[in-house]
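Chain A is the first sequence line, chain B the second, and so forth, proteins listed ahead of strands; every chain is numbered from 1. Keep in mind that what you see is a predicted model, and the values were worked out from it rather than measured.
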Amino acid sequence: MQDSSGRGKITEIYEKLLAFFGPQGWWPVYSDNGPRYHPGDFSYPKTDIQRIEIAFGAILTQQSSWKNAEKALFNLMEHGLLDLEGILETEEEILRNIIRSSGYFRQKAERLKLFSGFVLDRHGDMEDLFSSDTKELRRELLSVKGIGNETADSIILYAAKKPKFVVDAYTFRLIERMGIAEERDYDSVQRLFEEEMPKNLEIYSEYHALLVELGKNHCRKKPNCTDCPLKQICLYNKKA
DNA sequence: GTCCGGCTCA
DNA sequence: TGAGCGGGAC
């Protein structure tokens, strides 16, 4: 996407969203004596269990509300299954029931197993997996069936703590409605944000979370523009 | 009844 | 590009 139309807007959107919603503090870490929430604390995850928690959470929340994914995550925790070997040793049918609340539980049970098997076979643990550089890590994650662009980037950003901008359906919808980008594929949209915003972990982490908040509250499929924080700079729904 | 912090396969 | 996957919250 080119400069003239979009240049500056990405930054402006970020500032308005941050001012309106405040810092979101993604990603919550619960396990291994982690705090329930850590807004402003980007030092998590600290342990492999916590890295697994975030990676599993990223898979469980695919096309599902975080509430439902969270329940599944807690359930895994209670069964001591924030553990790669443990997932592989758990009967598929049992695993499905443990994560049932997240929806798509048959697919996700398989995905947890495939991901766990990959990490164990290729790296042994999460810390070693994350020791690869961002490009290589992304390539590896994408090679696992069940991990696509958004899930891979979520893991890279929130678990491996490497600056990679996460694009999701809300992001596409926003730039579509605001007429910012003409290129609609994932990589182009990601590049758009990464090129305008400072390559910064905290900013990428907050920006994606803020876009989710905007998408849930205002920029929905059926938009609620009335009290939208971007109302002044968005052309959508403006009278012609 | 609608929608969710997507992805695979045809 | 479209169908299929799915429980739970609102």
Query raised in the report: Starting at CZ of A/Arg173 and ending at C1' of B/dC4, how long is that distance when rounded to a whole Å?
Result: 10 Å

Query raised in the report: So A/His218 and A/Phe21, would you call those rings parallel, tilted or perpendicular, with 30° and 60° as cut-offs?
Result: tilted

Query raised in the report: For C/dG6, does either OP1 or OP2 sit under 4.0 Å from a side-chain N or O belonging to A/Arg106?
Result: yes

Query raised in the report: Cationic tip of A/Arg96 within the cone over A/Phe105's six-membered ring, i.e. under 6.0 Å and within 45° of the normal?
Result: no

Query raised in the report: Under 4.0 angstrom, heavy atoms only, what part of the nucleic acid is A/Gln63 near: base, sugar-phosphate, or nothing?
Result: base

Query raised in the report: Are the ring centres of A/Trp27 and A/Trp66 closer than 6.0 Å?
Result: yes

Report task. May I have the distance from A/Lys67 (atom NZ) to C/dG7 (atom P), rounded to whole angstrom? Result -> 19 Å

Query raised in the report: Can you check the A/Asn224 CG to C/dC10 P distance for me, whole Å?
Result: 17 Å

Report task. Would you indicate, yes or no, if B/dG5 has its OP1 or OP2 atom less than 4.0 angstrom from a side-chain nitrogen or oxygen of A/Ser65? Result -> no

Report task. Please tell me which of the listed nucleotides, C/dC5, B/dC7, B/dC9, lies nearest to the side chain of A/Lys145? Result -> B/dC9

Query raised in the report: In whole angstrom, what separates A/Asn75's CG from C/dG7's P?
Result: 15 Å

**Report entry** Protein-nucleotide distance (A/Ile59, atom CD1; B/dC4, atom P), rounded to Å
**Finding:** 21 Å

Query raised in the report: Given C/dC10, B/dC7, B/dG5, which nucleotide is nearest the side-chain atoms of A/Thr61?
Result: B/dG5

**Report entry** Salt bridge present between A/Glu176 and A/Arg173 (N-O < 4.0 angstrom)
**Finding:** no

Requested in this report: Please indicate yes or no: is the ring centre of A/Trp26 less than 5.5 Å from the centre of the six-membered base ring of B/dG5, with the two planes inclined by under 30 degrees?
Outcome: yes

Query raised in the report: When only distance counts, do a donor and an acceptor, one from the side chain of A/Ser64 and one from the base of C/dG7, lie under 3.5 Å apart?
Result: no

Query raised in the report: OP1, OP2 of C/dA9 versus side-chain N and O of A/Lys71: anything below 4.0 Å?
Result: yes

Report task. Tell me which nucleotide among B/dT8, C/dA9, B/dG5 gets nearest to the side chain of A/Tyr170. Result -> B/dG5

Query - Nearest-Å distance for atom pair OH/P, residues A/Tyr104 and C/dG4 - result: 12 Å

Report summary line: Looking only at B/dC4, C/dG8, B/dC3, the nucleotide nearest the A/Lys222 side chain is B/dC3

Requested in this report: Just compare B/dG6, B/dG5, C/dG8 and give me whichever is closest to any side-chain atom of A/Arg111.
Outcome: B/dG6

Query raised in the report: Considering only the C1' atoms, how many Å lie between B/dG5 and C/dA3, rounded to the nearest integer?
Result: 23 Å

Query raised in the report: Which residue, A/Lys216 or A/Gly146, contacts DNA chain B at a nucleotide closer to its 5' end, judged by nearest heavy atom?
Result: A/Lys216

Query raised in the report: Under the side chain to side chain donor-acceptor pair (under 3.5 Å) criterion, do A/Thr47 and A/Asp32 qualify, and how do the steps go?
Result: CA-CA 8 Å; A/Thr47 68; A/Asp32 213 9; 2.6 Å; yes

**Report entry** Euclidean distance for P, B/dC7 against C/dG8 (whole angstrom)
**Finding:** 23 Å

Requested in this report: Give one of base, sugar-phosphate or nothing for A/Ser154, where a contact means two heavy atoms less than 4.0 Å apart.
Outcome: nothing

